[in-house]
Chemist: 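What follows is a single structure, and I will ask about it in a moment.
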Amino acid sequence: MPTRQPMRIKPKRTLGDLMAGLGALVVLAALIAGVPYALLRLAGPPLPPELLNLDLLTSQVGTSTITAILVLLVWLAWAQLVVCVIVEIYAGLRRVGMPARVPLSGGTQLLANRLVSAALLLFTVSAVVVPIAKPTGPPARPATVSAALYAMSAPVGEERAPLVSVEKAKKVYVVQPPHGRHHESLWEIAEKCLGDGRRYPEIYQLNQHKEQPDGSRLHMADLIRPGWVLDMPDDARNIHVVPASQPRDDTLKDHRTKPAELDGRTQTFTPGRSALPAESPPEVSVSPDTSVIPEGGSGGKESGPAERRDPGKAVDPGPTGQNAGQNTGQNTGQGIELGMLDYLAGASLAAAGLLAALGRRRREQLWHRAFGHRITRPRDDAAQAEVALRLGADAPGSRMLDIGLRLLGRSLAAENRIPPTIYAAHLSSQTLDLWIHPPDPEAPAPWTAHDGGQVWRLPAHEGRMLDEQALADAPAPYPGLVSLGSNGEGRVLVDLEAAHGLISIKGTQSTAALAALAVELATNRWSDRMLITLVGFGEELTVIAPERIRCVGSLAEILPELEAKAGDRGSGGEVLTGRIHGRATDPAWPPHYLLSAIAPNAEEGHRLAMLGRKGTRTAAGYVIAGDVPHATWNWKIGEDDRAAVDVLGFEVDAQLLPRRQYQALIDLFTTAGRFEGEPLLDEAEPVTQTPSVEVRILGSIEITGPPPLEEGRAVLAIETVVYLATHPGGVHPVVLGGILWPRGVQSVVRDATIARVVAWLGADSEGRPNLYADESGRLRLGPEVRTDWMLFRDLVRRSHNDPTGRARLLDEALSLVRGPLLNGRPRGRYTWLAADDLEYNVIAGVADAAHRLCEVRLAHGEADEAVAAVRAGLLLAADDEGLWRDLLRATHLTSDPGRLAAVADALHRRAASHPYGGGMAPETEALIDELLPSWRMRSAPTA
């Protein structure tokens with residue numbers, strides 16, 4: 001199809017527009033200024049003396065009184081008009097969505113809307129932007145990647161079906177499913193597709209009273225639903241283009257569940273790039289197998305937890321079809337659901353703590369793993385929750401907060417200074433800021449003072465260089481810091497102890513906020529020993545941190561204990577000073593935090609208020625849902641999920657843990673507490689062909705065969721190949737997009753990435769593409785693409801049926817292991833592993849192969865070879881203590897006590913310094929006691 005020649009776009013603002021705008025200004029000036037001037041000159045003030053007379057209610061009403069009442073009504077009508085004009089001007093200038101509705105002013109606000117809209121044409125920059133130079137040649141037409149994949153999937157030499165003749169077309173838009181808690185509005189659709197949100201009435205007028213796929217009709221501009229098909233103006237972008245002659249019934253049927261995305265069997269019309277005149281509907285080529293030529297897509301927009309609710313947002317009636325949400329990662333199959341992202345991935349510090357706690361549970365699962373089994377893996381919402389945690393976890397930020405605070409406490413202790421009160425902290429990718437009181441310009445290095453000593457700052461590059469081992473025994477001075485939410489630039493934390501009294505939390509999401517506080521407090525790094533008491537909620541949270549969390553049914557149960565401990569509390573200086581001079585293993589003033597979802601009665605409220613009567617810091621914090629008498633801080637969570645603290649002046653996107661996400665976390669940790677395991681199925685297939693591309697994942701990620709890729713594109717291309725190589729059954733491009741871009745991606749970006757990978761992998765020895773789309777549209781790798789995991793499994797399978805060559809085959813399989821699975825993978829990538837069998841199967845498969853080879857070697861009296869076999873398995877399955885026990889036994893049979901002692905010492909050091917903690921399995925300790933009775937004395941710390 002020939003490329004269209006660019007044409008000059010006519011200016012949108014004509015002479016008529018200018019005249020209308022000037023006329024609107026004159027009318028507005030007359031109404032706003034002229035009316036009150038005339039009223040004051042002719043009728044007097046709004047409240048004349050007649051209406052101020054108290055005898056008005058009992059005396060006879062005369063002509064002057066009626067006139068005064070009418071004048072007052074005119075003044076009120078004028079005031080209503082002024083309010084409407086202000087509202088319309090604010091909405092027009094700020095683009096905040098559809099203007100707010102002024103009560104009882106339908107016709108008045110409509111008049112104000114038209115006058116203000118016409119007047120704003122005089123000042124709107126976009127209305128006067130016109131091309132000033134005609135392009136010298138036709139613009140480059142973007143490649144249609146999906147079409148390329150379709151052509152690639154056809155047999156060599158097969159010609160694609162010819163395109164039918166050109167015909168007129170029209171444009172439609174499919175309202176997208178909700179992105180987390182964000183729903184589309186007519187304003188946003190107009191802004192995205194027409195370039196100006198104020199043009200939403202054009203869309204409304206085109207679709208008013210037209211039937212939609214669900215049988216309903218558009219009657220109100222602020223009520224649209226996902227899956228609705230909206231007719232769009234001719235100059236719309238990011239839409240579907242359909243034949244103009246297509247009946248609306250057919251359009252609704254074809255687009256019932258289709259988001260705007262590229263179609264693999266159609267040519268793509270790209271509005272804007274072809275510079276067609278706005279008044280001329282475009283002509284498009286329609287493929288014989290479909291009448292839909294989609295373009296663009298609205299995926300990829302990431303909505304925060306507190307997305308503003310504009311009028312016109314789509315009200316979600318439930319699932320709109322199996323393809324709903326494909327463009328935003330809400331896929332069938334393994335795409336992560338955006339609700340998990342909004343809440344769990346957004347809680348970056350809590351996510352880091354939860355993953356560390358989950359890692360400890362997984363270590364315990366591996367202690368109990370039986371040969372031929374893998375540990376039980378999470379599924380459904382629990383698996384999605386772990387994907388979200390991996391995606392959002394800010395482990396470096398959590399580490400900097402922890403180590404930075406411990407260093408601060410140690411430095412202040414060395415100078416014999418009293419630590420300041422930290423009311424709040426702000427953690428971003430650049431800095432950690434502490435807001436302190438009283439101001440102090442002398443911050444200990446590497447902290448620096450700012451704003452007259454009100455802020456102490458630790459730059460991120462300084463925080464990354466802090467020696468964690470040197471501060472391992474330093475106590476945590478501020479364990480009550482907990483995330484309130486996000487302000488778009490980082491996390492905002494507040495110190496529960498700094499309230500010096502009770503904290504009241506209000507709003508419909510108060511329990512979800514309390515649950516989020518409890519989870520982060522129970523799993524954070526920047527605290528030592530503590531106790532968290534939950535009242536009226538959270539009984540299941542004990543599965544996450546049973547050593548820290550306990551639950552009671554009412555405030556009456558816990559108040560006597562709190563009151564008994566109140567006399568033992570020290571002053572603020574004593575608490576902080578005691579902590580920085582204490583030890584991490586035995587902290588001074590361990591805190592106790594009370595989080596209650598039950599509002600107190602009058603008596604309980606009084607008793608709670610008395611607990612904070614000192615007005616100074618104590619090693620306690622109280623956060624109570626509902627109205628609490630004498631609360632020192634009041635948190636309010638609005639309907640838009642924005643959290644505000646009145647005293648501190650913060651307003652952030654609240655950190656919440658709603659019921660579904662809460663239950664997903666509970667299921668995740670419950671699954672991690674199951675020790676029975678799952679059978680490890682052997683589904684290996686023979687590997688016969690010599691590979692043209694080899695994907696190595698049993699260690700650092702390596703792909704041999706294709707040429708090197710530029711660094712900026714290599715990460716995503718390699719992950720694409722790894723996923724496809726480990727899922728030989730194939731995957732649809734839409735599902736692949738949801739896996740590689742969990743937060744959403746535009747279809748053009750997804751398809752362009754796939755096209756680059758196609759070109760990068762090239763063809764095999766027979767000229768077949770190494771990446772192709774099969775007849776069902778699934779992406780698959782060719783037969784000459786092989787992974788080292790495929791070869792490993794094939795060698796292990798062959799060893800089962802070859803007793804004489806078993807040791808050789810297993811040794812060859814273990815020689816493929818070079819380190820941890822996908823070692824060195826970029827942070828935030830490969831999160832799909834959490835919801836996939838691969839990681840669980842590889843760890844169990846490698847450990848079992850090493851165990852079997854160790855037994856074979858020991859049966860032949862080859863202790864050194866058995867040690868080598870186990871160490872090969874430990875390169876990848878380092879947390880499998882069954883292998884460590886094999887190593888102890890094999891080393892013991894070498895009859896070298898020093899070598900055995902070295903293994904025991906290494907195992908002890910590893911268990912003591914493991915990032916997930918947890919020590920070592922009791923069975924392992926018992927084996928060391930049996931083989932090396934003196935090991936406990938050797939590992940005991942010296943005085």
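Heavy atoms only: backbone and side chains are in, while hydrogens, waters and symmetry mates are out.
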Chemist: Between Asn487 (side chain only) and Gly490 (backbone N and O only), is there a donor and an acceptor less than 3.5 Å apart?
Modeler: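 It does hold such a pair.
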Chemist: State, to 0.1 Å, how close Ser486 and Val652 come at their nearest heavy-atom pair, and which atoms those are.
Modeler: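 Nearest pair, atom of Ser486 first, then Val652: O-CB, 3.3 Å.
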Chemist: Do Trp75 and Leu40 have side-chain heavy atoms sitting under 4.5 Å apart?
Modeler: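 Result yes, sub-4.5 Å side-chain heavy-atom pair found.
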Chemist: Does Gln176 reach the main-chain N or O of Val174 with its side chain, forming a donor-acceptor pair under 3.5 Å?
Modeler: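 At least one qualifying donor-acceptor pair exists.
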Chemist: Is there a donor-acceptor pair closer than 3.5 Å between any side-chain N or O of Gln454 and the backbone N or O of Asp451?
Modeler: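 Judged by distance alone, yes, a pair lies under 3.5 Å.
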Chemist: Within a reach of under 6.0 Å around NE2 of His630, are more than 12 heavy atoms found that belong to other residues, nucleotides or ligands?
Modeler: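 Atom NE2 in His630 is not crowded, with 12 or fewer foreign heavy atoms closer than 6.0 Å.
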Chemist: Give the intermediate values and the outcome of salt bridge (charged side-chain N to carboxylate O under 4.0 Å, His left out) for residues Asp342 and Arg743.
Modeler: CA-CA 9 Å; Asp342 280 344; Arg743 297 184 186 274; over 6 Å; no
Chemist: So do Val172 and Ile239 actually touch side chain to side chain, heavy atoms under 4.5 Å?
Modeler: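 Answer no - side chains too far apart.
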Chemist: Show the nearest heavy-atom pair for residues Arg642 and Glu651, with the distance to one decimal.
Modeler: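 Smallest interatomic distance, heavy atoms only, reads NH2-O, 3.3 Å.
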Chemist: Test side-chain contact (heavy atoms from CB on, under 4.5 Å) on Asp433 and Leu427; report intermediate values, then the result.
Modeler: CA-CA 6 Å; Asp433 288 353; Leu427 177 66; over 6 Å; no
Chemist: State whether the side chain of Thr632 and the backbone N or O of Leu502 hold a donor-acceptor pair below 3.5 Å, judged by distance alone.
Modeler: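 Answer holds: yes.
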Chemist: Report the C-alpha distance between Leu484 and Leu493 in whole Å, list the side-chain angles of each, state the deciding distance to 0.1 Å, and finish with yes or no for side-chain contact (heavy atoms from CB on, under 4.5 Å).
Modeler: CA-CA 5 Å; Leu484 178 65; Leu493 299 92; over 6 Å; no
Chemist: State, to 0.1 Å, how close Tyr343 and Asp641 come at their nearest heavy-atom pair, and which atoms those are.
Modeler: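 For Tyr343 versus Asp641, the nearest heavy atoms are OH-OD2, 4.0 Å.
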Chemist: Taking C-beta and beyond as the side chain, do Leu115 and Leu111 meet within less than 4.5 Å on heavy atoms?
Modeler: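 Yes; the side chains approach each other to less than 4.5 Å.
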Chemist: Could you give the distance from CG (Leu218) to CD (Gln205), rounded to the nearest 0.5 Å?
Modeler: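 The CG atom of Leu218 sits 11.0 Å away from the CD atom of Gln205.
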Chemist: Where do Tyr173 and Asn238 come nearest, in terms of heavy atoms and distance?
Modeler: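 Scanning both residues completely, I find the closest heavy atoms to be CD1-O, 3.6 Å.
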Chemist: Would you check if the side chain of Lys171 reaches a backbone N or O of Ala236 as a donor-acceptor pair within less than 3.5 Å?
Modeler: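 Such a contact is found between Lys171 side chain and Ala236 backbone.
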Chemist: For Leu206 and Leu230, run side-chain contact (heavy atoms from CB on, under 4.5 Å): C-alpha distance rounded to whole Å, both residues' side-chain angles, the deciding distance at 0.1 Å, then the answer.
Modeler: CA-CA 8 Å; Leu206 283 174; Leu230 304 177; over 6 Å; no
Chemist: Main chain of Val229, side chain of Gln212: is a donor-acceptor contact present, judged purely on distance under 3.5 Å?
Modeler: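 Indeed, once roles are kept as given, a pair shorter than 3.5 Å links the two residues.
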Chemist: Measure the NZ-CE distance between Lys170 and Met232 for me, rounded to the nearest 0.5 Å.
Modeler: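 Those atoms lie 13.5 Å apart.
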Chemist: Would the distance check show the side chain of Ser504 and the main-chain N or O of Asn634 forming a donor-acceptor pair, the cut-off being under 3.5 Å?
Modeler: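 Not at all, since once roles are kept as given, no pair shorter than 3.5 Å links the two residues.
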Chemist: Roughly how far, to the nearest 0.5 Å, is OH of Tyr204 from CG of Leu186?
Modeler: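 Here the rounded value is 9.5 Å.
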Chemist: Out of curiosity, Leu434 CG to His450 NE2, how far, rounded to the nearest 0.5 Å?
Modeler: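 One gets 11.0 Å once the value is rounded to the nearest 0.5 Å.
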Chemist: Between Ser428 and Gln430 (side chain of the first, backbone of the second, donor and acceptor by atom type, cut-off under 3.5 Å), is there such a pair?
Modeler: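 Indeed, once roles are kept as given, a pair shorter than 3.5 Å links the two residues.
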Chemist: Is there side-chain contact between Trp635 and Ser510, with heavy atoms separated by less than 4.5 Å?
Modeler: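 Not in contact.
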Chemist: Atom CD1 of Ile637 and atom OG1 of Thr508: how far apart are they, to the nearest 0.5 Å?
Modeler: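 One gets 8.0 Å once the value is rounded to the nearest 0.5 Å.
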Chemist: Using a 3.5 Å distance criterion without hydrogens, assess whether the side chain of Trp633 forms a donor-acceptor pair with backbone atoms of Asp646.
Modeler: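 It does not hold such a pair.
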Chemist: As an exercise, state the distance from CD1 of Ile189 to CH2 of Trp228, rounded to the nearest 0.5 Å.
Modeler: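 Answer rounded to 0.5 Å: 10.5 Å.
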Chemist: So which heavy atom on Cys84 is nearest to which on Thr108, and how close?
Modeler: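 That closest heavy-atom pairing would be SG-CG2, 4.1 Å.
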Chemist: Ser348 and Arg491: side-chain contact (heavy atoms from CB on, under 4.5 Å), yes or no, with the steps?
Modeler: CA-CA 8 Å; Ser348 56; Arg491 310 295 297 169; 3.3 Å; yes
Chemist: Do you know which two heavy atoms are closest between Leu194 and Asp235, and how far apart they sit?
Modeler: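 Shortest heavy-atom contact: CD2-OD1, 3.8 Å.
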Chemist: Where the side chain of Lys506 meets the backbone of Gly626, is there a donor-acceptor pair that is under 3.5 Å apart?
Modeler: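 No, because the side chain of Lys506 does not come within donor-acceptor range (under 3.5 Å) of the backbone of Gly626.
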